[in-house]
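Below is one structure; the comments refer to it alone.
This is a predicted model, so every value here is computed, not measured.
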There are 2 protein chains.
Amino acid sequence: MARKAQHSKEELRAMALAAAREIVAAEGAAGLSTRKVAARMGYAAGTLYLVFRNLDDLVLQLNAATLEALDAHLAEALARLPAGAGPRQRLLTLAHAYYLFAQEHFHLWSLVFEHHLPEGETMPESLAARVRALLGRVEAELAHLGAGAALAARVLWSGVHGIAVLALTDNLAATGPVDAPALVDSLVNRYLDGFAAARRNQS
Amino acid sequence: MARKAQHSKEELRAMALAAAREIVAAEGAAGLSTRKVAARMGYAAGTLYLVFRNLDDLVLQLNAATLEALDAHLAEALARLPAGAGPRQRLLTLAHAYYLFAQEHFHLWSLVFEHHLPEGETMPESLAARVRALLGRVEAELAHLGAGAALAARVLWSGVHGIAVLALTDNLAATGPVDAPALVDSLVNRYLDGFAAARRNQS
DNA sequence: ACCTGAACACCGTTCAAGT
DNA sequence: ACCTGAACACCGTTCAAGT
């Protein structure tokens, strides 16, 4: 027994990530297993360990791919905007696109934030770079705030993320249905208003 | 074999929840198993199924207890405030207390939001009531906003939750360390400023 | 009535052995 | 060199059998 399909390591890696993505999208993180990924590839489970350190490593690489897809989704949303759109409209577009991606790819998106690194371990650079790219996208739209841009970008991104988490896990629907896009609008608009007012008061 | 400790069902339930809480606090959700919970109680794993429908049911009850502890934590923080404290100071206190609880009890708090219900299933009333209580706490401090209170409460709670999620899972530290309490302050203060400004413009 | 322990169908991971 | 399949130490859940 051996030699069956003869794929390169890079091909095996891509096949495994594609299989894992399909499983998570369909069944959620709980449905993911090395045995299922291997079966879907037509290989034995042990083969995965030629390409990944372990299942955690595979998940980390899947998460990097998910963030890459999210970044592309955000870029497309911005590209659809008229050229003259101001920072506020661009930020609202980013925020709504983020929520839409989270809703559309709920299980894959959840896995990014629910996969806890082992105590003390640090995020692999491949993933950290993806996070930086997303944060940079938001920060770029806040350049007019000057020194406050870094802070504001983190607050707004966190805020939209929190709305997505709580709305999509039914933790806001305690008293009737929730209009998540309305929450996103309120957050972005009021926060920007407040930032502008605070800066006016300073000068 | 049988009859060993002779605990009532209610005692078994409490023992199991206490054991599960210790395991999750120490090892995270990934370390939780029916076999470990049972061993810590001095019972066979099968006994758990006399008291819980399954592991999911146990987790749901643990999560309700966690939200109860969170609610008590918030109440204590408010109680330490001087009697004359205004809504803004009370909201800031709630927000910081929320973040502190999330940090202190990271694994238990994570489990509340990372435990996804099976497709289509609805949250048990015991848990839904706890979520309503927390949201009600925030909403009460926003009564001065009138009709906007429900919306503002959801935005602020989501926002603080998002900051906690991203900060505590290292998803904001992409470019250096993050001062989460400063993000919380900025969110609450700027959002409230913005809300006030928007209301001024209406009238 | 209460609880057990074995059984079943799953896991992640390793590694000698086969081609 | 590449890949397998068996092995090991785990899972959640059920249920006949023992006290």
Short side-chain to backbone donor-acceptor contact, A/Q103 and A/L100, under 3.5 Å: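 Checked: no pair found.
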
Is the closest side-chain heavy-atom distance between B/S33 and B/K36 below 4.5 Å?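 Heavy-atom side-chain distance check passes, below 4.5 Å.
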
Does the side chain of B/F106 come within less than 4.5 Å of A/H116's, by heavy atoms?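 Sidechains of B/F106 and A/H116: in contact.
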
Does A/Q6 put a side-chain nitrogen or oxygen below 4.0 Å from OP1 or OP2 of D/dC3?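 Indeed, a polar side-chain atom of A/Q6 lies that close.
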
Find the partner of C/dC8: check Watson-Crick (N1-N3 plus N6-O4 or O6-N4) and G-U wobble (N1-O2, O6-N3) distances, both under 3.5 Å, and reply none if neither fits.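 Across all strands, the one nucleotide that pairs with C/dC8 is D/dG12.
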
Watson-Crick or G-U wobble partner for D/dA1, using a 3.5 Å limit on both distances?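 Paired with C/dT19.
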
Distance check needed: [N] [atom2] versus [X] [atom1], whole Å only.
X	N	atom1	atom2	answer
A/Y49	C/dC11	OH	C1'	10 Å
A/L50	C/dT14	CG	C1'	12 Å
A/I23	C/dC11	CD1	C1'	13 Å
A/D56	C/dT13	CG	C1'	13 Å
A/L55	D/dC11	CG	P	16 Å
B/Y43	C/dA1	OH	C1'	13 Å
A/M41	D/dC3	CE	C1'	12 Å
B/K36	D/dG12	NZ	P	9 Å

How is A/T47 classified with respect to the nucleic acid when contacts are heavy atoms under 4.0 Å: base, sugar-phosphate, or nothing?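 Touches a base.
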
Looking across every strand, which nucleic acid part, if any, lies under 4.0 Å from A/K9 by heavy atom: base, sugar-phosphate, or nothing?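 Nothing, no heavy atom under 4.0 Å.
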
Could you tell me which non-hydrogen atom of B/Q6 sits nearest to which non-hydrogen atom of B/E11, and how far apart they are?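 Closest approach of B/Q6 to B/E11, heavy atoms only: O-OE1, 4.5 Å.
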
Side chain of B/S33, heavy atoms from C-beta onward: which of C/dG5, C/dG12, D/dG12 has the nearest atom to it?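 Per side-chain heavy atoms of B/S33, the pick is D/dG12.
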
